[in-house]
Structure formats: structure tokens, C-alpha cells
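Throughout, numbering of the chain's residues begins at 1 and tracks the sequence. The shown structure was predicted, so the numbers you read here are calculated from the model rather than taken from an experiment.
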Amino acid sequence: QLGGTATSLGTLTELTGTVEYDGGAQNVLSEDYYNLVIDQSGNKTAQGVINVANDMTISNSASFLTSTNTIDVSGTTTVGATLEIGNALYNSRGGFSATGNINFSHGGGKLRFYTVSPTSLGTLDNTLGTIVYMSGATNVLSDDYYTLTIDDGGTAKTLQGNANIAGNLNIKSGNELNLGSNTMTITGTSDVDGTVNIGTGTYDANGAFDATGGSVTFTDAGRLELAGTVTSFGTFTPSTGKVIYNGGVQNVLAENYSNLTFRSSGVKTASGNINVSNELVIRSSATFDIAATTTTVTGTTYVNSSGTLSISTGTFDANGTFNASGTPVGDVTFTGAGSLELGSTVTSLGNYTGSNSTILFNGSSAQTINAGSGFTVDNLTVNNTSGVTLNADVTVNSTLTLTSGDIISTSTNKLSLKGSVSGGSSSSHISGPVDFIADATNECSIPVGNGTDYTPIKLQRNGGSA
């Protein structure tokens, strides 16, 4: 026991025994100890590299300061008072338990766990420093971290509960972090050079996210929430997971998603072709702009809560139900000569606006155009052998293309043509009332019939107003 100033321990043989510093403020000599105890109030400051062959204990209001020196403990570290790590490494190799405080006085400080997982981190400083889980330390504790690093390979590390990271998360190459059913929230940057495995939990990335060279793997219906710049998912396995872009202005990665959601105001722009095998949701004032790319959705597309689907010159291919209803309804907006392809039930087209647009109905069963009080489209194509029925007034400004199946109108749900008609046959024609509104004297062929008999007519204005 050393209660005063220690100048030297001479030749210290650390095969067994304990050295205890239990005075007030003391210097802790740079030595190879067997057991080291830091006891009683006052700062005990390391004077150089310290190696502990067995256990280290910090207790009874003592504060152990590493300063800039590496501390390496082969046995168990028990912190009942305060461990303060400066610009240095504290290596825990045989177990770690803290009921006291773990503080960092420098951003370069690191507490590294090897071989054995820690059981508790006491009151952990989440304003500076890095906690590193190395090989063998497979349980990542539920806590509030500043910077968290997963390193050194070995068996995958598993999150033991919800975790908040005020700084950055680093998953090094060759390492894997499993979230399980827990939520991990990262304020800073996510740098995933290894693998993040999302089960039923949530990975909430509020800063930049980059998995270049790494992997993002869903094994269940978990969530990946992205509020910052997204650079890459690396090798992406979507399973039944959901990816949510909920920042402001963002680029949306060209990927094969299972479920894709857009939330929060700001334009989310597709950076390439996107495939969604289940649901795509646009809501909460978000805008999804497909630009000149193609987005294909196998499941249901929801555009609601003031969400906007914006189509420039690209194609949005909705193979499942398309629903832009809600309170408030969604918006479908064309800014160029793009196309909206509808292959199943169309519940609502919401607030539909656009010029040079094309809507294609290409389902395999009967479809209905539900558009509230009616809508106007530049180009409309029917390619459905079971036919398309109007449930609103529809005006086609440019070209109606009839490839397969009838378009069925009524006196209360009327079809109005202001341009030309392409196609038309006994198996594909207009069945019901049609208004032809001409502003030129060109002849127009109107392929009408009654669903069975095909009786096309030709009209030509020979003077007067349109």
C-alpha cells in the first residue's frame, strides 16, 4: 500500500501480489504490475505505460488518469470510482465492469475491449472518446456512446439493447454488428466497411451513411432510417426490411428494395433505376422525383399525407395497387414527357397535374380510372384485354392509344378527345359516349363500338370554331 509519494519500485516482480495507491493525489509509476488497486479520493495519474498481468480496481472515490499513456490489463477491470482516459489507449483483455464513471479528457482516447465482453459501463461520457469492441468482446452493451467502433474481426458482435451514438459509428472491414430487435441511433457519420445486420430492429442514421466496400443485410422486417447523405449500401440484402429516406434533399440509391418509404419535406431524387418488391410509400410532405430513371414497384404504391410523386422523363411502373388518396391526398406531378404505368387497381390518382405525360393501363384484370372529379392527361394508353372503365370524366389532350381491351365510358363518366387516336379494333375500342373536340380540320378516326361490335367513325371539322 502506497499512501504517499512513490518514486520507484525498484525491480518489481509481478508474478503475484497487489500494489495499491491509496493516498491523495499521487503519481502511478510506469510498471508491470500483477494486481493494481487505485483507492481513496484524489487523482492518481499514470506516469508512463502500465501493464497489469491480472486485475485492476479503481475504488473509494479515487480517480485514475491515464494521461497520454497506454494501460493494458490482462485480467478484470473494476471501476467503482472514476476512470479518466486522455489521449491514450486503455486495453481491457479479461473483463470490464463499471458502476462508477468513465470519462474522456481527449477526443483521441480509446477504451478497447478484447476477448471478454464488458458487463457494464457505469456512467459513460458521451461527449468525447471512442469505445472499441475487439475480437472476443461480442456483446455490445446498451448505452449512450460518443464514438463506437467494431474492430478486430472474429465472431459477430451483437447489440444487447438500444444504443445512442452522439458521434460516429465505425464498423471495420471483416467485422459484423447485429442489431437484433434493438434500435441504434447515430447522430454522426456511419462508416460501414464491414457488415451491419438488421433483424427486426432499427438503424437510425441521422448523419451521412456510407457502406462502400461493406454490406447492409436485412434478415427480417427491420428498418434503416436515413436522414443524411447516403453514398452506398455496399452489398445490399433487402429481405423484408424497410429503407426510409427521412432527411431533406437526398439522393436515393439505385437498388433493389423490399420496402421503400419517403418522409419529411424535401426532394428525394432517384440516382438510377429502382426496384421495390413490396411497398413504396411517399408521405409527410416528401417528394420522390424519379427524374429520367425507371422505378418499378411490385407491391402497393401509396402517395398520401401531402406526399408527391414527381415524374420528369422517366417511368414509374406500378405493378401493384396505386393509391394516392388520404387526408390530405397525395400529388402525382409530371414535369416532362414521362410515363406512369398502372398494372393493377387504381384507388386514386390524387392531385394529378402535368404536361406531355403518358398514363398506361396495362393490368391483366379489369381496371378503373378513379380520379375524383376528373382529370386531364396528354397521352393515355390502354393495353388490358379485360378493359378499363372510367369512374370520372377523362380528357385526353394529345393521343389515345388503344392496344388491347376496351375503354368503357358512360354519360356521367365521359371520355373527351382533343387530339388523335392510335389503334383500335374489334378487341380494343371505345365503348360508350365520347366527345371529340377539334381545333383543326384534320380528319380523325374514332374507334367506337359496344364491346362486341366494332363500328368506327370518322369525323372532320369543315369550318367554324373548335
Side-chain angles (χ1 to χ4, degrees), residues 245 250 252 257 260-270 273-276 279-363 367-384 388-401 407 413 415-416:
Y245 289 82
Q250 293 177 285
V252 181
Y257 299 87
L260 181 59
T261 294
F262 303 101
R263 292 199 315 239
S264 301
S265 61
V267 178
K268 285 72 173 169
T269 304
N273 294 340
I274 289 172
N275 295 297
V276 182
E279 289 184 354
L280 183 142
V281 179
I282 309 169
R283 60 177 307 164
S284 303
S285 300
T287 295
F288 175 45
D289 185 359
I290 69 170
T293 68
T294 296
T295 292
T296 303
V297 183
T298 302
T300 300
T301 298
Y302 293 100
V303 185
N304 51 35
S305 300
S306 296
T308 299
L309 170 62
S310 179
I311 302 172
S312 177
T313 56
T315 298
F316 190 94
D317 186 3
N319 292 309
T321 297
F322 188 94
N323 187 356
S325 64
T327 307
V329 300
D331 299 322
V332 178
T333 302
F334 282 85
T335 61
S339 109
L340 173 61
E341 299 184 3
L342 302 165
S344 187
T345 301
V346 180
T347 305
S348 169
L349 289 171
N351 294 320
Y352 177 90
T353 57
S355 59
N356 298 321
S357 58
T358 297
I359 293 184
L360 165 64
F361 284 83
N362 61 352
Q367 291 178 279
T368 301
I369 299 180
N370 292 303
S373 59
F375 83 116
T376 300
V377 61
D378 267 15
N379 302 288
L380 177 64
T381 298
V382 174
N383 187 14
N384 181 344
V388 175
T389 298
L390 305 190
N391 199 25
D393 290 338
V394 173
T395 300
V396 182
N397 280 334
S398 185
T399 302
L400 171 66
T401 301
I407 183 166
N413 298 300
L415 176 66
S416 297

Exercise for the section: With sequence neighbours left out, write down each residue that passes side-chain contact (heavy atoms from CB on, under 4.5 Å) with Val329, or none if nothing qualifies. Expected result: Asn351
Practice task
Look at the side chain of Asn379 and the backbone N and O of Thr399, then say whether any donor-acceptor pair between them is shorter than 3.5 Å.
Solution key: yes
Handout entry: Chi angles and distances behind the side-chain contact (heavy atoms from CB on, under 4.5 Å) call for Asp331, Thr353
Key = CA-CA 8 Å; Asp331 299 322; Thr353 57; over 6 Å; no
Practice task
Please confirm whether the backbone N or O of Asn362 pairs with a side-chain atom of Asn383, one donor and one acceptor, at under 3.5 Å?
Solution key: no
Handout entry: Sidechain-backbone polar pair: Asn356 side chain, Ala337 backbone, donor-acceptor under 3.5 Å
Key = no
Handout entry: Exam field: side chain Asn370 to backbone Val346, donor-acceptor pair closer than 3.5 Å
Key = yes
Exercise for the section: Output all residues satisfying side-chain contact (heavy atoms from CB on, under 4.5 Å) with Thr347, sequence neighbours left out; order by chain, then residue number. Expected result: Thr321, Asn323, Ser325, Thr345
Problem - Non-hydrogen side-chain atoms of Asp393 and Ser416 separated by less than 4.5 Å - result: no
Exercise for the section: With rounding to the nearest 0.5 Å, note down the distance linking CG in Leu342 to CD1 in Ile369. Expected result: 9.0 Å
Exercise for the section: Kindly say whether Thr261 contributes a backbone atom to a donor-acceptor pair with the side chain of Lys268 at under 3.5 angstrom? Expected result: no
Exercise for the section: Say whether, by atom type as modelled, one donor and one acceptor occur between the side chain of Ser312 and the main chain of Gly314 under 3.5 angstrom. Expected result: no
Exercise for the section: Let me see the working for Ile290 and Leu309 under side-chain contact (heavy atoms from CB on, under 4.5 Å), right down to the final yes or no. Expected result: CA-CA 8 Å; Ile290 69 170; Leu309 170 62; 4.3 Å; yes
Handout entry: Ring geometry between Phe262 and Phe288 (parallel below 30°, tilted from 30 to 60°, perpendicular above 60°)
Key = parallel
Problem - Non-hydrogen side-chain atoms of Phe375 and Val394 separated by less than 4.5 Å - result: yes
Completion exercise
Note: Val377 and Ser357 closest approach over all heavy atoms is CG2-OG, 3.7 Å
Handout entry: Donor-acceptor under 3.5 Å (Glu279 side chain, Leu260 main chain)
Key = no
Exercise for the section: Go through the steps for Leu340 and Phe322 under the test side-chain contact (heavy atoms from CB on, under 4.5 Å), then give the verdict. Expected result: CA-CA 10 Å; Leu340 173 61; Phe322 188 94; 4.1 Å; yes
Completion exercise
Closest non-hydrogen contact found for Thr293 with Ala270 is OG1-CB, 3.5 Å
Practice task
Taking the side chain as every heavy atom from C-beta outward, state whether Val297 and Phe316 have any atom pair closer than 4.5 Å.
Solution key: yes
Problem - Audit row: Val388, Leu380, side-chain contact (heavy atoms from CB on, under 4.5 Å) steps and yes/no - result: CA-CA 11 Å; Val388 175; Leu380 177 64; over 6 Å; no
